[in-house]
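In what follows, a structure is listed as structure tokens, so that the remarks can point back to it.
The structure presented is a predicted model; accordingly, all values stated were derived computationally and were not measured.
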Amino acid sequence: MLTSQQEQLIEATAPVVAEHLDAITRRFYPLMFRRYPEVASLFNETHQQSGAQQRALAGAVLAYVQLRQDPSLARETLSTVVEKHVSLGIQPDQYPIVGECLMAAIGEELGDALTPEIVEAWTALYQELAGLLIELEDRRYQAFALKPGGWRGLRRFRIAAIRQESAVIRSFVLEPEDGGPVADHEPGQYIGVRLGIEGETLYRHYSLSDLPNGRTYRISIKREPEGRASRHFHDVLKVGDRVDLLPPAGELTLQGGNEPLLMISGGVGQTPILPLARQALAKGRQVVYLHAAIDAEHHAFRQEVAAMREAHPAKLKVVAIHEHGADADHCGRLDLELLRSYLPESNPRCYFVGPQGFMSAVNQALEELGVEEDRRHFEHFGPSRPLDAA
């Protein structure tokens, strides 16, 4: 627990730390990887290069400084961080590494302005934050391990089937090597994957693209030209090969109620939206399913969506938008007027996933159309950040 003097020091220096936080986090990751190269595998290099990881860390630190006086609100705000950590299998002994390197980065950035008393206060603050995250993550690990077919840590799975869904998206059905059942996940969640590529360990998380069935999980992955993990899945892995999985995680789950739903996806963003739509239809919800793709060759899951529409003709409306070609309901890009024409009446709830720019445009359009913030739900592929982030 922080002393009253430390509380005062945090309050007095928080604006200075906030002003330099982006620079601090830019120093932090290279410093940590130099001192502890073994943790580098937990971080996506692409997100490092784009600055997304740094912005996510800065946002989490700032949020905790501002909200720590309200424990329930702090826990709620940190829930997204907890979900990401669960999908990576983060453990308590990794937190001191982060704390040491974060304080070193602060010292490098602020120099002589950082007195021993300020260092002690911010160290105590970090330890408080780490303790809270460890507690919340342990609860998640325990809860999943106690579910039928659950586990804690890593569990080895084999690739049981592979299916090409579009020109760039391929599905992988994964079954446990031990032959046991697998715990149900919530539609919309993702799962952590550990890969070994050319002697290097990589961690990634991918959306679970099918409903839970107690036997297998399915992930559907877009081949990214510069993506080491996605290229490994597409170009190297075959039926019978093994991967290690961590517990499912994620907060993009179906909210209760009976209001109509607008579900919007762009490209591979369809992977969490598809099972969410299936779950909603099974509950008797009215769904407008709107998917945007480059063209017909890049439009995944068309047969599955067609079967879903055939099974629920009175409840499901499917709309396809392609940037090119004529094999869709609309040609061009998704815009405000198109959303207006398909937005259900009666205070709908909206789910949308896709590239950052796509989600930013959808979010802004829905706001202009009067959809309240708490009825707009989305998920980032990678570190979470504001939808208006550059």
Side-chain angles (χ1 to χ4, degrees), residues 46 159-174 187-191 193 195 204-211 216-239 241 243 252 262-279 281 287-311 316-334 338 342 351-359 361-362 378-382:
T46 300
I159 299 175
I162 299 174
R163 175 188 172 91
Q164 194 73 32
E165 306 289 0
S166 76
V168 294
I169 297 173
R170 185 173 291 179
S171 287
F172 300 83
V173 177
L174 308 173
Q189 289 190 311
Y190 50 83
I191 197 161
V193 180
L195 298 168
R204 295 292 185 268
H205 47 257
Y206 297 105
S207 294
L208 291 158
S209 60
D210 205 354
L211 290 174
T216 62
Y217 293 129
R218 186 179 77 173
I219 56 177
S220 302
I221 300 170
K222 178 185 176 184
R223 187 187 188 280
E224 300 286 357
E226 303 301 322
R228 291 187 65 195
S230 69
R231 287 189 286 113
H232 185 73
F233 265 103
H234 278 251
D235 303 344
V236 178
L237 294 182
K238 57 187 182 302
V239 171
D241 286 340
V243 297
L252 187 72
L262 176 60
M263 296 192 165
I264 310 163
S265 55
V268 76
Q270 196 173 189
T271 51
I273 294 295
L274 179 60
L276 277 170
R278 284 179 166 163
Q279 182 187 32
L281 291 165
V287 176
V288 176
Y289 190 95
L290 195 159
H291 180 63
I294 296 173
D295 53 31
E297 290 187 356
H298 289 80
H299 190 146
F301 305 111
R302 299 192 80 171
Q303 292 181 349
E304 289 190 31
V305 173
M308 193 166 62
R309 178 168 52 187
E310 184 176 345
L316 175 63
K317 183 176 184 61
V318 177
V319 182
I321 304 168
H322 292 171
E323 291 186 30
H324 311 292
D327 190 17
D329 300 292
H330 300 277
C331 183
R333 288 179 176 261
L334 181 63
L338 196 56
Y342 289 108
Y351 293 79
F352 52 99
V353 181
Q356 178 79 2
F358 174 88
M359 290 200 298
V362 168
F378 56 91
E379 179 75 272
H380 289 282
F381 291 147

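Across all their heavy atoms, Leu211 and Gln279 have their closest contact at CD2-N, 4.1 Å. Scanning both residues, Pro275 and Leu208, for their nearest heavy atoms gives CG-O, 3.5 Å. The minimum heavy-atom distance between Pro187 and Leu276, with the atom names listed, is O-CD2, 3.4 Å. Arg204 and Ala229 get closest at one heavy-atom pair: CG-CB, 3.5 Å. Contact between Gly325 and Cys331 at its shortest, heavy atoms only, is O-SG, 3.5 Å. Between Tyr342 and Val319, the closest heavy-atom pair is CE2-CG2, 3.5 Å.
Judged as a side-chain hydrogen bond (donor to acceptor under 3.5 Å, both in side chains), and not counting sequence neighbours, the contacts of Arg170 are Gln164. Tyr289 pairs by the side-chain hydrogen bond (donor to acceptor under 3.5 Å, both in side chains) definition with Gln270, not counting sequence neighbours.
Residues Tyr190 and Glu379 form a side-chain contact, since some pair of their non-hydrogen atoms from C-beta on lies under 4.5 Å apart. Contact of the Leu174 side chain with the Ile159 side chain is registered, since non-hydrogen atoms from C-beta on lie closer than 4.5 Å. By the 4.5 Å heavy-atom criterion applied to side chains, Arg163 and Val173 are not counted as neighbours. In this structure, Arg278 and Asp210 have side chains that are in contact, with non-hydrogen atoms separated by less than 4.5 Å. Contact of the Ile264 side chain with the Ile273 side chain is not registered, since no non-hydrogen atoms from C-beta on lie closer than 4.5 Å.
Salt bridge absent: Asp329 and Lys317 never bring a charged side-chain N and a carboxylate O closer than 4.0 Å.
Arg218 places a side-chain N or O within 3.5 Å of a backbone atom of Ser209 that can act as its donor or acceptor partner. When atom types are taken as modelled, the side chain of His299 and the backbone of His322 share no donor-acceptor pair closer than 3.5 angstrom.
Atoms CG and CZ, from Leu195 and Arg228 in turn, are 10.0 Å apart once rounded to the nearest 0.5 Å. For the atom pair CD of Gln189 and CG of Leu252, the computed distance is 9.5 Å after rounding to the nearest 0.5 Å. Atom OG in Ser265 sits 14.5 Å away from atom OH in Tyr351 (nearest 0.5 Å). Of the inter-residue distances, the one linking His298 atom NE2 with Lys222 atom NZ reads 7.5 Å to the nearest 0.5 angstrom. Between the NE2 atom in His324 and the CD1 atom in Ile294 there is a gap of 7.0 Å [rounded to 0.5 Å]. Annotation: the span from Leu338 atom CG to His330 atom NE2 amounts to 4.5 Å, rounded to 0.5 Å.
Of the N and O atoms on the side chains of Ser230 and Glu224, not one donor lies less than 3.5 Å from an acceptor on the other residue.
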Without placing hydrogens or testing angles, list every side-chain donor-acceptor pair under 3.5 Å for residues 231-239, not counting sequence neighbours.
residue : atom : partner : partner atom : Å
Arg231  : NE   : Pro225  : O            : 3.1
Arg231  : NE   : Gly227  : O            : 3.4
His234  : NE2  : Ile221  : O            : 2.8
His234  : NE2  : Arg223  : N            : 3.4
Asp235  : OD1  : Arg223  : NE           : 3.1
Asp235  : OD2  : Arg223  : NE           : 3.4
Asp235  : OD2  : Arg223  : NH2          : 2.7

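Within a 6.0 Å sphere centred on CD of Glu297, heavy atoms belonging to other residues, nucleotides or ligands number 12 at most.
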